[in-house]
Amino acid sequence: MKYWLMKSEPSCFSIDDLKKVKISPWDGVRNFQARNFMRDEMQVGDLVFFYHSNAKPSAIVGLAKIASKPYPDATAFDPEDDHYDEKSDRDNPTWILVDVEYIKAFKEPLSLQDLKGYKELEGMELLKKGSRLSIQPVSKNHFEFIKSLSE
DNA sequence: GCCAACGTTGGC
DNA sequence: GCCAACGTTGGC
């Protein structure tokens, strides 16, 4: 069992959107590091913190889980899509994703600012200066600590 | 809207 | 393979 944090701008796709559809492909990722986590390391059943970036405030807002094995991101082949990538080959797709399934939204979002106040979370990728990685592993200790904060 | 940090691209 | 230019992310 691994633990993850996945960022999304709520104006684009929020925890409420995921709640409505229950399960959704995590499409549009165009960063190799983030892709590699989805392609190589995620397992069905892994738990995920859903994070709202560029939000007021930016915060961890809920819990989800990985719900599929990796498969190609269809939006990369759609010229009408914002995330179209003309260099991605259907026979050898560049962009790979997994499905994410809603578990719950936290009663109170855990804001980035608040999270920075806990010494227990020192070293967490999300809290590092200049951290932009949109999909990142979370250690078991950090995951359980944050989950306990949400309860 | 600003800007720091970081990733990607392309000339050489 | 270096690195300048450019684009994107994301906090503030």
Side-chain angles (χ1 to χ4, degrees), chain A residues 2-21 24-42 46-66 68 70-139 141-143 145-150:
Chain A
K2 291 200 175 86
Y3 304 94
W4 305 95
L5 181 142
M6 297 171 87
K7 298 181 184 176
S8 178
E9 302 197 18
S11 59
C12 177
F13 187 75
S14 73
I15 186 82
D16 291 332
D17 294 327
L18 183 61
K19 185 178 184 177
K20 277 178 210 147
V21 297
S24 171
W26 200 264
D27 57 24
V29 170
R30 297 293 178 267
N31 170 282
F32 290 104
Q33 241 183 310
R35 178 208 65 186
N36 291 348
F37 285 132
M38 291 198 285
R39 187 190 61 187
D40 304 332
E41 298 201 37
M42 286 182 172
D46 282 359
L47 292 174
V48 178
F49 285 136
F50 196 116
Y51 179 83
H52 282 173
S53 60
N54 273 318
K56 294 178 182 176
S58 294
I60 296 176
V61 293
L63 193 63
K65 67 181 176 184
I66 304 303
S68 79
Y71 64 96
D73 182 343
T75 64
F77 306 125
D78 178 3
E80 301 297 311
D81 194 279
D82 286 345
H83 300 288
Y84 176 59
D85 180 2
E86 60 181 2
K87 287 175 292 189
S88 183
D89 177 1
R90 279 182 184 276
D91 295 326
N92 184 22
T94 307
W95 303 110
I96 302 293
L97 53 66
V98 295
D99 288 344
V100 173
E101 182 175 356
Y102 178 83
I103 296 178
K104 67 174 177 180
F106 295 155
K107 289 193 182 72
E108 296 291 335
L110 302 171
S111 74
L112 182 63
Q113 193 177 8
D114 288 349
L115 293 172
K116 283 178 174 169
Y118 295 101
K119 67 176 188 317
E120 290 88 343
L121 298 178
E122 263 176 30
M124 187 179 175
E125 176 67 27
L126 181 70
L127 306 184
K128 288 181 184 167
K129 192 182 176 201
S131 167
R132 296 192 315 170
L133 194 54
S134 65
I135 295 178
Q136 43 186 269
V138 176
S139 74
N141 285 347
H142 288 164
F143 188 91
F145 180 75
I146 292 168
K147 191 158 181 301
S148 73
L149 291 177
S150 76

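Chain identifiers are assigned alphabetically (A, B, ...) following the order of the sequence lines, protein sequences preceding nucleic acid strands; residue numbering begins at 1 within each chain. The structure displayed is predicted, hence computed values, not measured ones.
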Exercise. C/dG11 P sits how many Å from A/K116 NZ, rounded?
Worked result: 8 Å
Exercise. Going by heavy atoms closer than 4.0 Å, what residues in residues 47-55 of chain A are next to DNA chain C?
Worked result: A/Y51, A/S53, A/N54
Exercise. Can a donor-acceptor pair be found between the side chains of A/R30 and A/S88 at a distance below 3.5 Å?
Worked result: no
For this session: For A/I60 and C/dG11, give me the distance from atom CD1 to atom C1', rounded to whole Å.
Result: 15 Å
Problem set entry | A/Y3/A/F49 aromatic ring centres below 6.0 Å | no
Problem set entry | Atom-to-atom span, CZ of A/F13 to C1' of C/dG10 - whole angstrom | 19 Å
Problem set entry | Pair A/K119 + A/E122: basic N to acidic O under 4.0 Å | no
For this session: Quickly work out the A/I135 CD1 to B/dC6 P distance and round it to whole Å.
Result: 19 Å
For this session: Grab the CG-C1' distance between A/N31 and C/dT8 for me, whole Å please.
Result: 10 Å
Exercise. Do any of residues 122-133 of chain A sit with a heavy atom less than 4.0 Å from DNA chain B, and if so which?
Worked result: A/K129, A/G130, A/R132
For this session: Scan A/L149, A/I60, A/V61, A/I15 and name whichever one has a side chain to side chain contact (heavy atoms under 4.5 Å, CB included) with A/F106.
Result: A/I60
Exercise. Which atom pair, heavy atoms only, marks the closest approach of A/A59 to A/S111?
Worked result: CB-CA, 3.5 Å
Exercise. With sugar-phosphate meaning primed atoms plus P, OP1 and OP2, does A/K87 contact a base, only sugar-phosphate, or nothing at under 4.0 Å between heavy atoms?
Worked result: sugar-phosphate
Problem set entry | Whole-Å distance separating the CG atom of A/L5 from the P atom of C/dG10 | 11 Å
For this session: Give the nucleotide from the list B/dG7, B/dT8, C/dG10 with an atom nearest to the side chain of A/S134.
Result: C/dG10
Problem set entry | N/O (side chain, A/S58) to phosphate O (OP1/OP2, C/dG11) under 4.0 Å | yes
For this session: May I have the distance from A/D114 (atom CG) to C/dG11 (atom P), rounded to whole angstrom?
Result: 14 Å
Problem set entry | A/L63, A/L110, A/L5, A/N141 screened by side chain to side chain contact (heavy atoms under 4.5 Å, CB included) with A/I146, the one that passes | A/L110
Exercise. For A/K7 and B/dA5, what is the distance between atoms NZ and P respectively, to the nearest whole Å?
Worked result: 15 Å
Which atom pairs, one a donor and one an acceptor, fall under 3.5 Å between side chains of residues 31-38 of chain A and the rest of the protein, sequence neighbours left out?
residue: A/N31; atom: OD1; partner: A/Q33; partner atom: N; Å: 3.0
residue: A/N31; atom: OD1; partner: A/A34; partner atom: N; Å: 2.9
residue: A/R35; atom: NH1; partner: A/T94; partner atom: O; Å: 3.0
residue: A/N36; atom: OD1; partner: A/R39; partner atom: NH2; Å: 3.3
residue: A/N36; atom: ND2; partner: A/F32; partner atom: O; Å: 3.3

Problem set entry | A/S14 and A/D16: side chain donor to acceptor below 3.5 Å | no
For this session: Measure the shortest side-chain to side-chain distance between A/L126 and A/L112 over non-hydrogen atoms and say whether it is less than 4.5 angstrom.
Result: yes
